[in-house]
Amino acid sequence: MIAKKTLTLSLKSLRDFGKKRLPDQVVIDLDARDECPLEIVQQMCSPDKLGIQLLFVPEEYGGMGGGAFDVYCICEEMARIDLGVATSVLATFLGSDPITVGATPEQKKIWLTRIAEEGILFAYGATEPNAGSDLAALETTAERVMDGERIAGYKINGSKQWISNGGVADAYTILANTPAGPSWFIVEKGAKGFSHDEPEDKHGIRLSNTAALSLSDVYVDADRLVGGVEGQGLNQAQAVFGYTRLMVAAFGLGAGWAALDRAIPYSTKRIQAGSPLSQKQGYTHKLIVPNVARLEAGRAFIEETAERIDAGEGSLNTEGAIAKYMSTEAGNQAAEASIQALGGYGYTHEYLVEKISRDVRITTIYEGTSEIMEMTISRDRWQLHLKTRGQHYHDLARGCEALHARHPEVGANFAALALHALAEVMEKARVARLTRYQHILLRLGELIAYAECAGSLARRAARMAEGKLNEKASQRFDAPALAAVSRVFAREAALKVGADGLRWVTGAGGVMDAEMAAFEASLGLSTIYRAQAGLIADMDYVADVLYGRSRKQAGQAA
Ligand SMILES: Cc1cc2nc3c(=O)[nH]c(=O)nc-3n(C[C@H](O)[C@H](O)[C@H](O)COP(=O)(O)OP(=O)(O)OC[C@H]3O[C@@H](n4cnc5c(N)ncnc54)[C@H](O)[C@@H]3O)c2cc1C
């Protein structure tokens, strides 16, 4: 972990660098030319210039040893500048992750020191034409090259698809099948038989270089096998998922806020029907406020997970999946709504929200698609439901009720409604064996993410009220405003879990007509609907805070 002062300075340097080197017009031109600004990426990673990668490299190898919380803060800020450039920087972290978690001390010393001292760029080569979400379908092979009884090296054959930095990296970590299973290898640019295609012509993140790789009898010495033991590749990839998914979660958050931070000021200046759009409730409460609430729910979960990773609780893959799922879906919705918020101007390149919308689209695809996140979340939490005989989410709900007793303003009571309803939906799904339907399993993943994030945001609002928020945490909202944001989101989460839960259980034939009333009652649906009372007033309040208005003006907004 790095000191708050150092992080603040790094964030400031990053912002200043972005303003100077990547102002709006430069970004628009690069996007139009579909060009990766390699020199800028190199400067961001150069120890003599911005040196952003130093944050991620452990201290013993010349870095600053930033923790998960630091990484989240930096990734959010990078995404606000440009998600393509951010992806290029991310690729070095991803590419070096198998080394950080699995390499021998000698390998770490060589490669991590080179990243810190020389600023070399890495690429992470896992995906293949026939192995995307299902990496086990990997076809690239690494065949042993023997020197008598000793393994002297490996010959790698195969191809990789959609590799960020694929055409510009100095070194690559490549996942390939050895006789003992998938393993990571370090391959350097220029190795004989190693080539890359032209950059892909992509929908978004056009400032990042994405290219296919081809490996034809590429020879590497045995010391390029990460960790020196074959068959560890998938474990090494798994070991950092919690951490790497948090980075992409922060991308969703940063990009979503970058879009809203353009829509909000725009709407104060745009006059329609005699007044600014910002004063029209039908505008703010559809296009701005709900997106703020979802993004901040994602942030709460990212911060909680980052703190737990930094406290040594392990890689927290499922929590990383929840954080990624919520923040990247919220980022996409926020960017999409921002196009609408700018009307025709939003649809043009000049105002950048359409670019942000194209860019943030990738965050629900790479580092595990949203559907794979839903599956990961659901499978893991299903086990908890079974192990606790259905009490896991009732217990979390009781925790929220206790929080409500101490902090009645943070929406923990609504989060508790979501969590109780979730426990009932899962129990009904268990009794009726509904997880045999994949769609039900994945929808449960979505409901779990909403309910858990509602709890997390209520806890964050309470900590804010107590002045106990992480000193590095975002302070965009004060305690009363964050409490209102939390109440808005928790009501949405409760309604989503209750109504969608009923829908999917009923849709899969999990509840007979005669049982319907009892099931509805167990979900607390009428309480959930009653809990929507006060929603518009809370949304008015959040809108007033976002627009810097006094509270009195809220009633006049319509
Ligand atoms: C711009 C860009 C940069 C990238 N950078 C890198 C990189 O640096 N390194 C790297 O290794 N990879 C990279 N990727 C690859 C990325 O991680 C994969 O695209 C992603 O994992 C999905 O794999 P796929 O594209 O093969 O899609 P598929 O796995 O074929 O999925 C297609 C659709 O089917 C759904 N689906 C898949 N399996 C299931 C299932 N079992 N049940 C239900 N639905 C399912 C998915 O959610 C998705 O909606 C990048 C991709 C892009 C586009």
Side-chain angles (χ1 to χ4, degrees), residues 31 34 36 41 79 82-98 121-140 158-176 182 184-185 187 196-215 233-234 236-238 240-241 244-245 247-248 251-252 255 321 324-325 328-329 332 355 358-379 435-446:
D31 179 70
D34 197 8
C36 168
V41 174
D82 178 82
L83 206 46
V85 169
T87 296
S88 268
V89 176
L90 174 82
T92 292
F93 311 142
L94 291 184
S96 58
D97 270 338
L121 300 184
F122 254 88
Y124 177 82
T127 306
E128 299 188 356
N130 295 318
S133 299
D134 179 15
L135 270 187
L138 186 76
E139 287 167 1
T140 297
S159 51
K160 296 286 169 184
Q161 186 86 353
W162 322 120
I163 305 305
S164 301
N165 284 356
V168 298
D170 302 295
Y172 299 73
T173 34
I174 298 287
L175 190 64
W184 290 100
F185 290 89
V187 179
H196 61 81
D197 278 359
E198 287 299 304
E200 301 288 348
D201 181 2
K202 303 190 295 292
H203 175 66
I205 57 166
R206 290 165 71 86
L207 275 68
S208 90
N209 174 290
T210 315
L213 308 176
S214 169
L215 299 107
L234 295 184
Q236 288 160 351
Q238 284 273 345
V240 288
F241 267 156
T244 56
R245 284 172 184 162
M247 298 185 195
V248 181
F251 280 4
K324 179 181 190 285
Y325 180 68
T328 61
E329 290 288 338
N332 272 274
K355 174 186 170 292
R358 280 186 287 111
D359 287 351
V360 73
R361 194 67 192 76
I362 190 60
T363 60
T364 60
I365 297 175
Y366 65 15
E367 274 304 286
T369 65
S370 279
E371 294 69 36
I372 298 301
M373 295 302 100
E374 289 169 350
M375 199 185 309
T376 304
I377 297 163
S378 193
R379 279 185 176 159
T435 54
R436 66 184 188 277
Y437 299 109
Q438 196 207 25
H439 187 53
I440 300 296
L441 186 72
L442 269 61
R443 299 297 16 98
L444 283 178
E446 181 188 23

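Fair warning: this is a prediction, and the values are worked out from it, not measured in the lab. Just so you know, ligand 1 is whichever comes first in the structure, and atom 1 is the first atom listed for that ligand.
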Residue pair Tyr124 / Ala237: nearest heavy atoms and the distance that separates them: OH-CB, 4.0 Å
Shortest non-hydrogen contact from His196 toward Leu213: CB-CD2, 3.8 Å
Minimum heavy-atom distance Asn209-Gly166, with the two atoms named: OD1-N, 3.5 Å
Test side-chain contact (heavy atoms from CB on, under 4.5 Å) applied to Asp197 - qualifying residues, sequence neighbours left out: Ala212
Within 6.0 angstrom of Arg379 CZ, more than 12 heavy atoms from elsewhere: no
Close residues, ligand 1: non-hydrogen atom nearer than 4.0 Å: Tyr124, Ala126, Thr127, Gly132, Ser133, Trp162, Ile163, Ser164, Lys202, Ile205, Thr210, Ile362, Ile365, Tyr366, Glu367, Thr369, Glu371, Ile372, Met375, Gln438
Distance in Å, Ile372 CD1 paired with Glu367 CD, rounded so as to fall on 0.5 Å steps: 13.0 Å
